[in-house]
Protein chains: 2
Amino acid sequence: MARSSIHISGNLFGLILAVLESAPLHGYGIAREIEIRSSDALSFGEGTLYPALRALEQDGFIEARWDTSGTGPAKKVYELTPDGKAELARIREAWRDYSRSIDQVLGGLPKMQSA
Amino acid sequence: MARSSIHISGNLFGLILAVLESAPLHGYGIAREIEIRSSDALSFGEGTLYPALRALEQDGFIEARWDTSGTGPAKKVYELTPDGKAELARIREAWRDYSRSIDQVLGGLPKMQSA
DNA sequence: GTAGTATACATCGATTACCGATGTAGCGGT
DNA sequence: ACCGCTACATCGGTAATCGATGTATACTAC
């Protein structure tokens, strides 16, 4: 279950929306999927996850429906709305700007920039 | 002086140490230099800067001396210590890991990855 | 049948980082 | 004389998120 890696700090909403872009998924599954996609580098607990999902839902970026069909406890399955897709695009752009800026100031080995 | 851009969120110490790697500099100048290097994308106020400098000094990553030689108010000039240089290397590595992980999950256009 | 484990939801208080406002003061220009 | 820039510093508030805790369902093993 891989807790105790680096924390999320600011990108949580984007990560959730990005996972939901591939397919609708329930909360618990979103957290697991983020761990998988990041090779266990990014991880967070329920106290971080559920409030974030509620905020995204209130903003109209995702929509929820209950799925009681499967086995186990009922699942609240979230789906990306058109607004959410637009928000994801904005977040991606902001992240790219931000990380490029940090790279610029932080320096170290350059990332094979174009001439 | 160029406030109101994106915030720093987690990388403040690294940015300061990276600037000091080039040359010793005083607090106010560090803030200006970060703005310049990031093309005004990264910016923060005094309430963010000075507490960070004090924390870095307490951790032994930077050392301060007063410079009263120049014109204007006295300047507190900070210099990177060997420990600070090591810490900067750690921060650079952590940032690279972190941003790579976010890229992986966030997706969008890939950054011209190696085959 | 009941104990343990994994799934799955949810809330709450504490912590941390950061921002914005405010204050002091020296110096240069008009 | 006053404004604006440099340069230091502190303080209170806020937002993000972490950790702990609680509830419930279902499968597996004994």
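Letters A, B, ... mirror the listed sequences (proteins, then strands); counts begin at 1.
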Nearest-Å distance, [atom1] ([X]) to [atom2] ([N])?
{"X": "Leu25(B)", "N": "dT6(D)", "atom1": "CG", "atom2": "C1'", "result": "13 Å"}
{"X": "Phe44(A)", "N": "dA8(C)", "atom1": "CZ", "atom2": "C1'", "result": "14 Å"}
{"X": "Arg54(B)", "N": "dA9(D)", "atom1": "CZ", "atom2": "P", "result": "7 Å"}
{"X": "Glu46(B)", "N": "dA25(C)", "atom1": "CD", "atom2": "C1'", "result": "14 Å"}
{"X": "Leu53(B)", "N": "dC18(C)", "atom1": "CG", "atom2": "P", "result": "13 Å"}
{"X": "Leu12(A)", "N": "dT16(C)", "atom1": "CG", "atom2": "P", "result": "20 Å"}
{"X": "Ile91(B)", "N": "dA17(C)", "atom1": "CD1", "atom2": "P", "result": "12 Å"}
{"X": "Glu35(B)", "N": "dT6(D)", "atom1": "CD", "atom2": "P", "result": "10 Å"}

| Closest to the Lys76(B) side chain: dA9(D), dT17(D), dA8(C)? | dA9(D)
| said: The side chain of His26(A) is closest to which nucleotide in this list: dT17(D), dA8(C), dA9(D)? | reply: dA8(C)
Using distance only, find each side-chain donor-acceptor pair of residues 51-60 of chain B under 3.5 Å and give its atom names and separation, not counting sequence neighbours.
none

| field | With sequence neighbours excluded, residues passing salt bridge (Lys or Arg N to Asp or Glu O under 4.0 Å) with Arg65(A) | value | none
| End-to-end axis angle, where each axis spans five pairs of the helix from dG1(C)-dC30(D) to dT30(C)-dA1(D), to 10° | 10°
| said: Can you see if the side chain of Tyr50(B) gets near the phosphate of dC8(D) - specifically, an N or O under 4.0 Å from OP1 or OP2? | reply: yes
| query | Can you check whether Tyr28(A) has a side-chain N or O nearer than 4.0 Å to OP1 or OP2 of dT7(C)? | reply | yes
| request: Would you mind reporting whether Tyr78(A) and Phe61(A) have side-chain heavy atoms less than 4.5 Å apart? | output: no
| said: Let's see if you get this right: which residues in residues 57-73 of chain A place a heavy atom under 4.0 Å from DNA chain D? | reply: Thr71(A), Gly72(A), Pro73(A)
| task | Kindly write out the residues that satisfy side-chain contact (heavy atoms from CB on, under 4.5 Å) with Gln104(B), not counting sequence neighbours, or none if the list is empty. | result | Ser39(A), Arg100(B)
Pairing residues for [X] by the side chain to side chain donor-acceptor pair (under 3.5 Å) criterion, not counting sequence neighbours:
{"X": "Asp83(B)", "value": "none"}
{"X": "Ser22(B)", "value": "Arg37(B)"}
{"X": "Ser69(A)", "value": "Asp67(A)"}
{"X": "Thr68(B)", "value": "none"}

